[in-house]
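Here is the structure we will look at.
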Amino acid sequence: MRRTTPGGKGIRGREGIAGWLFVSPMIIILGLFLVIPVVMALWVSLTNWNGSVNPFQGGPGAQFVGVRNYTDLFAKDGLTRSNFMQSIGNTFWYVLFVVPLQTALALGLALLVNTKMLKAKGFFRTAFYFPSVTSSIAISTVFLFLFSSTGAVNALLGAIGLGQPNWFSDSRGLVHLLLGAVGVDNPSWAQGEVLGRTLWDWFSGPSVALTVIIFLVVWTTSGTFMLMFIAALQDLPVEVDEAAALDGTSGWQKLRHVTIPMIRPTLFLVITLGLIGTWQVFDQIYVMGKGNPDGTTLTPAYLSYQQSFGNFKYGSGAAMAFVVFAIIVVLTRIQRWALSDKDERRPLLRRRKAVTR
Amino acid sequence: MNRRVSPVKQVVLYVALVLFAILFIYPFFIQIATSFKTDPDAAAHPLSLIPNPFDLHAWKQIFGQGSASVPFLTWMKNSVVIAVVVTVARVFLDSLAGYALSRLRFRGRGFVFAALLAVMSVPSVALLIPKFLMVNYLGIYDTYTAMILPLIVDGAGVFIMKQFFDSVPVSIEEAARMDGASIFRTFWSVVLPMARPALITLTILSFQGSWNEFTHFLVTTQSLEHKTLVTGLASLVSGQLGTGTQYPLKLGAALLTTIPVAVIFFALQRYFIRGANEGGVKG
């Protein structure tokens, strides 16, 4: 565009000034409350700051300790490491359950709602999506009541003659419970220690208490992901349906060989967002468990908070947060790599060109 | 094309959908009903949707007769004021930045956009301590400034607006500018009115986001009078205010926290749905 106004710096020049003016509030706010603070926290993670003095002046209460806060998390035997490793173990199980469950439920609901000729489509979509827009704290409160020992879930279980667990005070792991049912209890072969925890502890499975949080999160997030899947399904060309119908493929085959490959970008997005979200679970923990019982609902995000604002070990808490940050970055990278690789290897049904939006 | 669905399949489909719908909606009905129950009734009949006896105790406690340790009305006022201020500021500042990144040619634009994307990918868990550090450093800990100022711009909102402006033809604004209107003038009276759908989506996302916000207020405030409904509810539920079980009160407070977003949701659903798909970009 070569338009210039006579006698001035020209539209180009005015645009330059206006452009910077327009983005300056964003740069100031995000810089001041996001970029610089992260750098400050990186510094604090290298100190033993206890919250009482200025963290950037050194001296007692804010000494530079190098990478000790980080090495303590992995290499030094002690409470910090055992808590941190337990929180990592808990989250590992949590992610393992939540991500596949919420992805499958979201896709399932999307396929149901997207059925042709379905009546009251809007109603069902609204019903499934509504929990996603509410406050995580409010909804955790509701679940706290639903799963309390005298709550609705236990009333329901009692009505059909099943056991009524004490959900929030039960620290037994699901895998331990399963193994216990076949008579395996803390066997000698599971006594090896990895990072300060026995294999038996690592493989405990999510505790009963953590399972409630898994239910809650799957229930509240599938609605959002369902909408993403619906959008992707509606973008599929009609011809694909016709071709599949002509081929006489069954519903399941069509889903596996036609639909899922074609919505792969959305599937990738949903799984990635799921991974990023699950590693950060905090609000629900704050309301429903705070790490109890026996640390089985501790997550790194909550532990980092507790270590900083509860125990005033900000350096250690910040170090935990950065480790989680790193885990999230690595996971999304692996995820991206794995999915793209698979894409090249597995041929789509009859090599139809993948339709990307 | 018209694959006929057998009646049996259709029945199964509807049964499945209805069962799921109950699973997703029934907890909210329980929540409403329980807030009108007495404590013993709530514990004895947790599944029932009919309060017996019908009891307004919880609601009286929330409106007016709240104790000093549970000042619901103050929290409500905080929630409303903060959500409104943050929403108005965000919609304006996000559109300004989104417009500049989409339309205005200035040196460093590519860098600013790349930096924005990088900043957006920082997970919120890594921001708890940083936010506290900065707020502390600026000496604004436990003030409304600390609650509001860091929220008035959000990366995802800027991104949504930029995407929107990218998709709008440039011709109308060019005509306005040829007529000699200034850049801001063009933005304000020509561009923004055209951007209505995106602005509504952004308004909803901002209101919902700031109304439901928890961690930011958790690390930047501590006193009772700076709590919002969400942070207040969290401390009520986690037992810090020493109120005991009292499920009707807690569920009533949770309901109150849910209602404003629910009302907007039911009124402006299609914008919510658009937002959910666009919000997919944020981490």
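Residue numbering restarts at 1 for every chain, and letters A, B, ... go by the order of the sequence lines.
Of all non-hydrogen atoms in A:F325 and B:A126, the two that sit nearest each other are CD1-CB, 3.9 Å. Closest approach of A:E15 to B:R105, counting heavy atoms only: OE1-N, 2.7 Å. Of all non-hydrogen atoms in B:A100 and A:V23, the two that sit nearest each other are CB-CG1, 3.7 Å. Taking each heavy atom of B:I129 and A:S304 in turn, the nearest pair found is CD1-OG, 3.8 Å. Nearest heavy-atom pair, B:A21 versus A:F123, reported as atom, atom and distance to 0.1 Å: CB-CE2, 4.3 Å. Residues B:P46 and A:A152 approach most closely at CB-N, 3.4 Å, considering heavy atoms.
Ring pair A:F282/B:F214 is tilted by interplanar angle, where 30° to 60° counts as tilted. The aromatic rings of B:Y99 and A:F22 lie tilted to each other, with the angle between the two planes from 30° to 60°.
Taking 4.5 Å as the limit, some side-chain heavy atom of A:F145 sits within range of a side-chain heavy atom of B:I30. Between A:L146 and B:P27 the shortest side-chain heavy-atom distance falls below 4.5 Å. Between B:V112 and A:M26, some side-chain heavy-atom pair lies under the 4.5 Å cut-off. When side chains are defined from C-beta on, B:V125 does not count as touching A:W279, because their heavy atoms never get closer than 4.5 Å. Counting heavy atoms from C-beta on, the side chains of B:T257 and A:I137 never come closer than 4.5 Å.
Annotation: maximal heavy-atom pairing with chain A below 4.5 Å, among B:Q208, B:K131, B:Q31, occurs at B:Q208. Listed options B:Y137, B:F184, B:Y14 were ranked by heavy-atom pairs under 4.5 angstrom with chain A; first place goes to B:Y14. With chain A as partner, the option from B:I264, B:V122, B:L255, B:L47 having the largest number of non-hydrogen pairs under 4.5 angstrom is B:L47. The choice from B:A16, B:A43, B:S238 that makes the most heavy-atom pairs within less than 4.5 Å of chain A is B:A43.
Within the 4.5 angstrom heavy-atom criterion, no atom of A:I230 approaches chain B. With a 4.5 Å cut-off on non-hydrogen atoms, A:F309 touches chain B through its side chain but not through its backbone. Using a 4.5 Å cut-off between heavy atoms, B:D94 does not touch chain A at all. Both the backbone and the side chain of A:L112 come within less than 4.5 Å of a heavy atom of chain B. Proximity to chain A (any heavy atom under 4.5 Å) is shown, for B:L17, by both the backbone and the side chain. A:V324 touches chain B through its side chain: at least one heavy atom from C-beta onward sits under 4.5 Å away, while N, CA, C and O do not. Residue contact with chain A, scored on non-hydrogen atoms closer than 4.5 Å, involves the side chain of B:L138 exclusively. Within the 4.5 angstrom heavy-atom criterion, atoms from both the backbone and the side chain of B:L133 approach chain A. Looking at B:S124, the atoms closer than 4.5 Å to chain A (heavy atoms on both sides) sit in the backbone and in the side chain alike. For B:L116, the part sitting under 4.5 Å from any heavy atom of chain A is the side chain, from C-beta outward, and nothing else. B:V158 touches chain A through its side chain: at least one heavy atom from C-beta onward sits under 4.5 Å away, while N, CA, C and O do not. Using a 4.5 Å cut-off between heavy atoms, A:L42 makes no contact with chain B at all. With a 4.5 Å cut-off on non-hydrogen atoms, B:R103 touches chain A through its backbone but not through its side chain.
To the nearest 0.5 Å, atoms CG (A:L34) and CG (B:L127) are separated by 5.0 Å.
Ring centers of B:F266 and A:F130: under 6.0 Å apart, within the cut-off. Ring centers of B:F28 and A:W219: under 6.0 Å apart, within the cut-off. Two rings, from B:F20 and A:F124, have their centers 6.0 Å or more apart.
Within a 6.0 Å sphere centred on NZ of B:K162, other residues, nucleotides and ligands contribute more than 12 heavy atoms. Atom OH of B:Y26 has more than 12 heavy atoms from other residues, nucleotides or ligands within 6.0 Å. For A:W20, the CH2 atom counts as densely surrounded, since its 6.0 Å shell holds more than 12 non-hydrogen atoms of other residues, nucleotides or ligands.
Side-chain N or O atoms of B:N212 include none that pairs as donor or acceptor with a backbone N or O of A:A138 at under 3.5 Å.
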